[in-house]
Number of protein chains: 2
Amino acid sequence: MVRKPKKQVIYEAAARLFQEKGYSAASMRDLAERVNLKASSLYSHIRKKEEILQKICFDNARRFLEGLDEIQQQFSSPLAQLEAVIFLHIDIALDDPTSITVFNDEWKHLEDPYLKDFVKLRKNYEQRLLDIIQEGQSSGVFTTVTPTTALNTMLTSLRWVHYKHAGDEPEKLRKDISALILGGIKV
Amino acid sequence: MVRKPKKQVIYEAAARLFQEKGYSAASMRDLAERVNLKASSLYSHIRKKEEILQKICFDNARRFLEGLDEIQQQFSSPLAQLEAVIFLHIDIALDDPTSITVFNDEWKHLEDPYLKDFVKLRKNYEQRLLDIIQEGQSSGVFTTVTPTTALNTMLTSLRWVHYKHAGDEPEKLRKDISALILGGIKV
DNA sequence: GTCTATAACTTGATAGAC
DNA sequence: GTCTATCAAGTTATAGAC
């Protein structure tokens, strides 16, 4: 029987709390109650509230970026890369739906310099996807919609898996979603 | 030169403020400053902070529901209806991007009984779209992905238009997005 | 590490003068 | 309708006893 370090228990409870009430509306007293502590005791484990949000946001950002690294090593065709990106987003969303919700919805409550850094990482990620799309268009396998329109439509269309997944098997879900997205992009 | 009623000025400033900082992090003092009043003076025009959020959320909900009413009177085929729904979402997003962001992202800060009512309206809207999708599947014009998967993918994929629109002409945007979404749904 | 106590400040909202 | 003054409650975070 392995006991989780209390710090981890706090982070996980915080993610659920931020998901439910939003970062700003979630108080340290709320959080403390959920881990059976007084608010002041939390500060033996973390330095400040924002630190929790930082970890959630940057851990997830890293996950996406490293996932994309692997994909670009493993696949060379734009179509295979894009499909793998779709699977990456679905798998991450299914693996940790709570923290991905916070990552998606609460990052704007980061303060500088973390906010700036976060936005930069994200811009980076999106630019790399944009390059894939444009390569696919050049080689004639993708339709010639405006690239940012294709990118944004694809990325946002993946933003429901984490909180609304109806109970399909992951395999069925991956198959359906990739068919829906790629069906619109492929020539 | 028509002067806007101050109440409307307040609502519009509030929508922008809620969009920028989120409902919870936006204070009545922030809002007052933006309309050159003291916080207490706001209460001559509104009863409470949540009242503003209510109006924004329910006004937009009504817009979508009435839009769907019209669509279902005007078109009979599932494909034509679904395309019209896509245009409806795009047009609303382009017409008032700020208030649609608040509608999309901040509704969860409504309190009961408004929260319950809002969720009910939304469920209603989504059920009607689900029926369209299922009719299209039955008549063989839509692929047989899980209907809720098609619905959620379609609806969330429309949730970027309001805040990221790159500068395309609306017509090009409507054409691209409907091609991307319907291309994945059509048989 | 957890507690009590508290500092220092912000919050939404009200009372009442003008 | 707008102001000043104020309230009661809530906020993050720290100090120091145990």
Side-chain angles (χ1 to χ4, degrees), chain A residues 1-57 102 105-115, chain B residues 1-58 102 105-115 118:
Chain A
M1 177 111 149
V2 183
R3 276 178 54 92
K4 279 184 199 168
K6 189 139 228 168
K7 185 159 180 166
Q8 193 186 335
V9 172
I10 291 172
Y11 273 93
E12 287 171 10
R16 280 193 298 278
L17 183 64
F18 293 169
Q19 174 182 31
E20 286 169 32
K21 314 188 48 156
Y23 176 75
S24 291
S27 80
M28 295 302 274
R29 284 175 177 77
D30 290 338
L31 175 56
E33 212 172 313
R34 296 197 176 197
V35 295
N36 293 308
L37 285 179
K38 297 295 175 182
S40 58
S41 304
L42 292 172
Y43 291 89
S44 296
H45 303 90
I46 59 153
R47 287 204 340 269
K48 49 204 275 278
K49 184 187 178 188
E50 199 208 354
E51 187 180 278
I52 304 176
L53 183 62
Q54 283 163 23
K55 183 167 168 50
I56 294 171
C57 290
V102 176
D105 299 346
E106 307 299 330
W107 61 267
K108 68 175 159 189
H109 295 107
L110 290 170
E111 285 164 37
D112 280 329
Y114 301 97
L115 180 60
Chain B
M1 176 112 145
V2 183
R3 278 178 52 95
K4 277 185 201 169
K6 189 139 231 170
K7 184 159 181 165
Q8 193 185 335
V9 173
I10 291 171
Y11 273 92
E12 288 172 10
R16 279 194 298 277
L17 183 64
F18 293 169
Q19 174 183 30
E20 286 169 31
K21 315 188 48 157
Y23 176 76
S24 292
S27 80
M28 296 301 277
R29 285 170 177 79
D30 288 340
L31 175 56
E33 211 171 313
R34 295 197 176 197
V35 294
N36 292 311
L37 285 179
K38 298 295 176 182
S40 58
S41 304
L42 292 171
Y43 291 88
S44 297
H45 303 90
I46 58 154
R47 288 203 340 270
K48 48 204 276 278
K49 185 188 178 188
E50 199 206 355
E51 186 180 280
I52 304 175
L53 183 61
Q54 282 163 25
K55 184 168 168 49
I56 295 172
C57 289
F58 284 93
V102 177
D105 299 345
E106 307 298 328
W107 60 267
K108 69 175 159 187
H109 294 107
L110 290 171
E111 285 164 37
D112 281 329
Y114 300 97
L115 179 59
F118 181 84

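Letters go in sequence order (proteins before strands), and every chain restarts at 1.
In this structure, CD of E111(B) is placed 12 Å from P of dG12(C), rounded to the nearest angstrom. Residue E33(B) contributes atom CD, which lies 13 Å from atom P of dG12(C) at whole-angstrom precision. For K7(A) and dT2(C), the NZ to P distance is 13 Å, given to the nearest whole Å. As rounded to whole Å, 10 Å separates atom C1' of dG1(D) from atom CD1 of I10(B).
DNA chain D is contacted by S44(B), H45(B) of residues 42-57 of chain B, taking any non-hydrogen atom closer than 4.0 Å. Residues of residues 20-32 of chain B having a heavy atom closer than 4.0 Å to DNA chain D: none are found.
Residue K6(A) places at least one side-chain N or O closer than 4.0 Å to OP1 or OP2 of dT2(C). OP1 or OP2 of dC3(C) has at least one side-chain nitrogen or oxygen of S41(A) nearer than 4.0 Å.
The base of dT2(C) lies outside donor-acceptor range of the side chain of S40(A), with no N or O pair under 3.5 Å.
More than 12 heavy atoms of other residues, nucleotides or ligands sit less than 6.0 Å from atom CD of E20(A).
Annotation: the span from K49(B) atom NZ to S27(B) atom OG amounts to 7.5 Å, rounded to 0.5 Å. Between the CD1 atom of I52(B) and the CZ atom of R47(B) there is a distance of 11.5 Å, given to the nearest 0.5 Å.
For the pair W107(A) and L115(A), the minimum side-chain heavy-atom distance is below 4.5 Å.
Distance alone, capped at 3.5 Å, is enough to place a donor-acceptor pair between the Y23(B) side chain and the E50(B) backbone. Distance alone, capped at 3.5 Å, places no donor-acceptor pair between the E51(A) side chain and the I46(A) backbone. Not a single donor-acceptor pair under 3.5 Å links the side chain of Q54(A) to the backbone N or O of Y114(A).
Under the 30°/60° scheme for interplanar angles, the aromatic rings of F118(B) and F58(B) are found to stand perpendicular.
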